[in-house]
Amino acid sequence: MSAEHEASNLPSKNPDTEASSVSVVDEDELKLRKLGYKQQLHRSWHFIESFAASFVAMNFIGGVRSGFFLGLLAGGPAAVWSSYIISMIFMFITAAVLAEICSALPLSGSIYIWSAESAGPKYARFFGFVVAWWSTTAWMTFAAGNCQTTANYIVSQLAVWEVDFPGGVGNDNIKWRALIWAVSEGVLLVSIAINYLPPRMYSAVFKLSCALYVVDFLLCLIWLPIGVSKTYGFRSAKEVFTMTYNGTGAPAGWNWMLSFLFTAGTMIGFDASGHIAEETKNASVVAGRGIITSVVATGVMGFATTILFLFCTPDLDTLFALDAPQPFVQIYALALGKGPSIFMTIIASLGLILSTSVAIVAASRLIFAVARDGVLPLSWWIGKVDAARQPRNAVTVMFVFGALILCTILPSQVAFTSLISAGGIPTTAAYGLIALLRLTMTPNDFTNSHFFLGRWRKPFYLAAVIFNGIVFAVQISPFEFPVTAETFNFACVILGSVTIFGILSWYFIPEEKWLRREQIIQQLRVADEPFESVESTSSTVAHETELVKRSI
């Protein structure tokens with residue numbers, strides 16, 4: 001049968017629909033190729049996965065539960081709710097700044113590329129190296145920290161059941177630290193195993209995680225108040241909105257400022273949507289949209305959760321007397337009973353495991369992006385993708401790194417806490433640095449971004465610089481005063497060390513090895529190109545394909 005006859009017997013298709021569906025993939029791959037990379041990862045995720053990558057990594061309800069007591073110690077209820085409103089406004093602005101550049105540069109390992117291109121060709125390599133070290137440190141330690149937080153939830157049930165643990169419950173007991181370490185390693189193993197699922201199955205993990213957080217929120221919104229009304233009773237509106245507290249020993253003004261450690265901390269991590277951009281269809285639009293919508297959803301729902309908990313927790317004297325590693329487990333037991341508290345602990349622990357898994361997704365894509373350029377030891381192996389077009393070897397690196405970090409729990413809980421406390425700081429620093437570089441170096445670039453801020457861009461850049469600078473100062477500050485060797489915050493030392501490693505890498509790694517000047521200029525040029533129509537994109541792809549065939 002002739003080719004013409006075969007073609008005549010094919011079912012008819014709508015040319016507009018077919019061209020539209022193919023063109024999105026073509027445009028994604030074409031832009032990636034123009035930015036200097038070929039499509040290696042699968043590209044099968046859509047907006048829901050992009051949104052979930054950041055929304056689940058931030059884990060609004062888990063984040064509130066984890067940092068709630070820090071906020072109460074630093075300023076009390078009045079500081080918590082007022083600082084949360086301020087944090088929401090300025091984190092939304094920061095997200096808009098990142099969405100603008102994400103739309104122009106939708107790449108895996110995106111945040112260090114955004115920093116490099118924001119600095120312009122002259123200083124791009126320097127800032128690219130520094131932020132690559134910052135972001136890698138942040139995401140890799142964040143996963144390990146989440147594992148320990150999950151372990152704290154699980155072992156806190158021992159306090160509810162009044163189990164007499166050998167040697168006592170406390171970080172000065174090596175047996176207790178060994179228990180925390182063993183549970184944390186188990187959580188890490190489960191979180192890593194989930195990452196080995198093929199992309200289409202992992203899509204269900206994203207959706208399940210979002211649904212689980214909504215269930216957790218509704219249980220707290222409905223079940224917890226019912227239990228509180230029948231037991232220890234609600235806090236008054238006066239207590240919630242006007243009561244202050246100084247549990248840090250800091251001067252009154254700085255004590256209040258330390259509440260941002262909790263409020264802003266619950267909204268850090270929305271750059272995860274950018275890290276999976278090379279796996280997202282129509283990434284120039286969807287990745288930026290994922291950043292903005294996830295932080296808005298996290299902020300609004302996190303604020304609602306915070307107000308709910310302010311009304312539903314016991315008085316501060318009772319609250320600070322709770323001795324479980326995660327006091328919310330005891331709060332649920334007081335309000336709902338010992339049996340129901342187990343159910344709430346299971347829900348919270350599952351949510352944290354899924355959050356850890358998604359954090360590993362973001363971190364592994366970052367590691368893959370660095371290895372792809374050949375700058376890491378064993379880059380040829382780390383930068384490989386499997387049959388499902390996933391960076392499985394980069395996930396394995398995450399497991400090894402996370403398992404080693406968790407081992408520091410055994411000799412010293414202080415050492416582990418110091419490492420983990422540095423997890424959010426590099427991300428905050430990167431957010432502020434990108435905004436500063438956009439304000440001073442490239443304020444008129446990326447004008448063709450789908451999320452271009454127009455006349456609002458400079459006020460937004462300035463606002464993001466100031467706010468993230470304040471949060472950064474809070475994060476490196478000691479939390480307890482007067483400062484002693486035991487209360488000193490080593491996070492600033494760790495960040496300084498990481499920055500030095502970044503500068504040394506920039507100095508010693510040859511330009512042709514990573515972040516070549518020609519590539520930076522090319523990416524900056526491509527980022528400023530206007531978006532092509534479906535017809536022009538299809539014709540460009542066809543033309544480039546023909547050129548490849550001729551060259552072969």
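Positions are given from 1 along the sequence.
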May I have the list of side-chain donor-acceptor pairs in residues 53-61 shorter than 3.5 Å, sequence neighbours left out?
unit_1 : atom_1 : unit_2 : atom_2 : d
Ser54  : OG     : Phe270 : O      : 2.7
Ser54  : OG     : Ser273 : N      : 3.0
Ser54  : OG     : Ser273 : OG     : 2.7
Asn59  : OD1    : Gly62  : N      : 3.1

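When the ring pair (Phe, Tyr, Trp, His ring centres under 6.0 Å) test is applied to Trp181, no partner is found at least two apart in sequence or on another chain. For the side chain to side chain contact (heavy atoms under 4.5 Å, CB included) test, residues two or more places apart in sequence or in another chain that qualify with Thr244 are Ala78, Trp256. A search for ring pair (Phe, Tyr, Trp, His ring centres under 6.0 Å) contacts involving Phe303 returns Tyr84, not counting sequence neighbours. Among residues two or more places apart in sequence or in another chain, the salt bridge (Lys or Arg N to Asp or Glu O under 4.0 Å) test is passed with Asp216 by Arg65. Legend: residues meeting ring pair (Phe, Tyr, Trp, His ring centres under 6.0 Å) with Phe460, ordered by chain and number and at least two apart, are absent. Looking at residues two or more places apart in sequence or on another chain, you find no salt bridge (Lys or Arg N to Asp or Glu O under 4.0 Å) involving Arg516. In this structure Pro327 satisfies the side chain to side chain contact (heavy atoms under 4.5 Å, CB included) test together with Phe69, Leu322, sequence neighbours excluded. Every residue was checked against the ring pair (Phe, Tyr, Trp, His ring centres under 6.0 Å) condition with Phe479, not counting sequence neighbours, and none meets it.
With contacts defined as side-chain heavy-atom distances shorter than 4.5 Å, the pair Phe451/Ile291 does not qualify. Looking only at side-chain heavy atoms (C-beta outward), His275 and Ser364 stay at 4.5 Å or farther from each other. In this structure, the side chains of Phe309 and Val80 stay at 4.5 Å or more apart for every pair of heavy atoms. Side-chain contact between Val385 and Phe368 is present, with heavy atoms from C-beta onward closer than 4.5 Å. Side-chain contact check for Leu158 versus Leu179: some heavy-atom pair is nearer than 4.5 Å. Counting only heavy atoms from C-beta outward, the side chains of Leu258 and Phe481 approach each other to under 4.5 Å. In this structure, the side chains of Tyr431 and Phe467 stay at 4.5 Å or more apart for every pair of heavy atoms. In this structure the side chain of Gln519 never reaches within 4.5 angstrom of the side chain of Glu512, judged on heavy atoms.
For Phe260 and Phe90, the gap between ring centers reaches or exceeds 6.0 Å.
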| Going through the distances and angles, do Met398 and Leu188 end up as a side-chain contact (heavy atoms from CB on, under 4.5 Å)? | CA-CA 10 Å; Met398 273 298 303; Leu188 177 63; over 6 Å; no
| Working for side chain to side chain donor-acceptor pair (under 3.5 Å), residues Thr136 and Tyr112 | CA-CA 9 Å; Thr136 303; Tyr112 72 81; over 6 Å; no
| said: With side-chain contact (heavy atoms from CB on, under 4.5 Å) as the criterion, how do Leu437 and Tyr461 come out once you've worked through the C-alpha distance, each side chain's angles and the decisive distance to 0.1 Å? | reply: CA-CA 9 Å; Leu437 294 173; Tyr461 301 156; over 6 Å; no
| field | Thr499 vs Trp134, side chain to side chain donor-acceptor pair (under 3.5 Å): CA-CA, chis, key distance, verdict | value | CA-CA 7 Å; Thr499 304; Trp134 284 358; 2.9 Å; yes
| task | Please test Phe501 against Thr137 for side-chain contact (heavy atoms from CB on, under 4.5 Å), starting from the C-alpha separation and ending with a verdict. | result | CA-CA 11 Å; Phe501 280 121; Thr137 300; over 6 Å; no
| request: For Thr305 and Phe68, run side-chain contact (heavy atoms from CB on, under 4.5 Å): C-alpha distance rounded to whole Å, both residues' side-chain angles, the deciding distance at 0.1 Å, then the answer. | output: CA-CA 10 Å; Thr305 304; Phe68 187 73; over 6 Å; no
| field | Derivation and outcome, side chain to side chain donor-acceptor pair (under 3.5 Å), residues Tyr196 and Thr396 | value | CA-CA 9 Å; Tyr196 290 140; Thr396 302; 2.8 Å; yes
| request: Give the intermediate values and the outcome of side chain to side chain donor-acceptor pair (under 3.5 Å) for residues Gln330 and Asp323. | output: CA-CA 9 Å; Gln330 289 175 300; Asp323 57 356; 3.0 Å; yes
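Listed by first and then second residue, the salt bridge (charged side-chain N to carboxylate O under 4.0 Å, His left out) pairs that reach into residues 249-259 come to none, sequence neighbours excluded. For residues 90-118, the pairs satisfying salt bridge (charged side-chain N to carboxylate O under 4.0 Å, His left out) are Glu100-Arg438, with sequence neighbours left out. Legend: salt bridge (charged side-chain N to carboxylate O under 4.0 Å, His left out) pairs involving residues 68-77, not counting sequence neighbours: none detected.
Counting only distance, with no hydrogens or angles, the side chain of Gln390 and the backbone of Arg392 share no donor-acceptor pair below 3.5 Å. The backbone N or O of Trp381 sits less than 3.5 Å from a side-chain atom of Asn393, completing a donor-acceptor pair. Counting only distance, with no hydrogens or angles, the side chain of Tyr202 and the backbone of Asn195 share no donor-acceptor pair below 3.5 Å.
Using modelled atom types, one finds no donor on one side chain facing an acceptor on the other under 3.5 Å when comparing Ser83 with Thr263.
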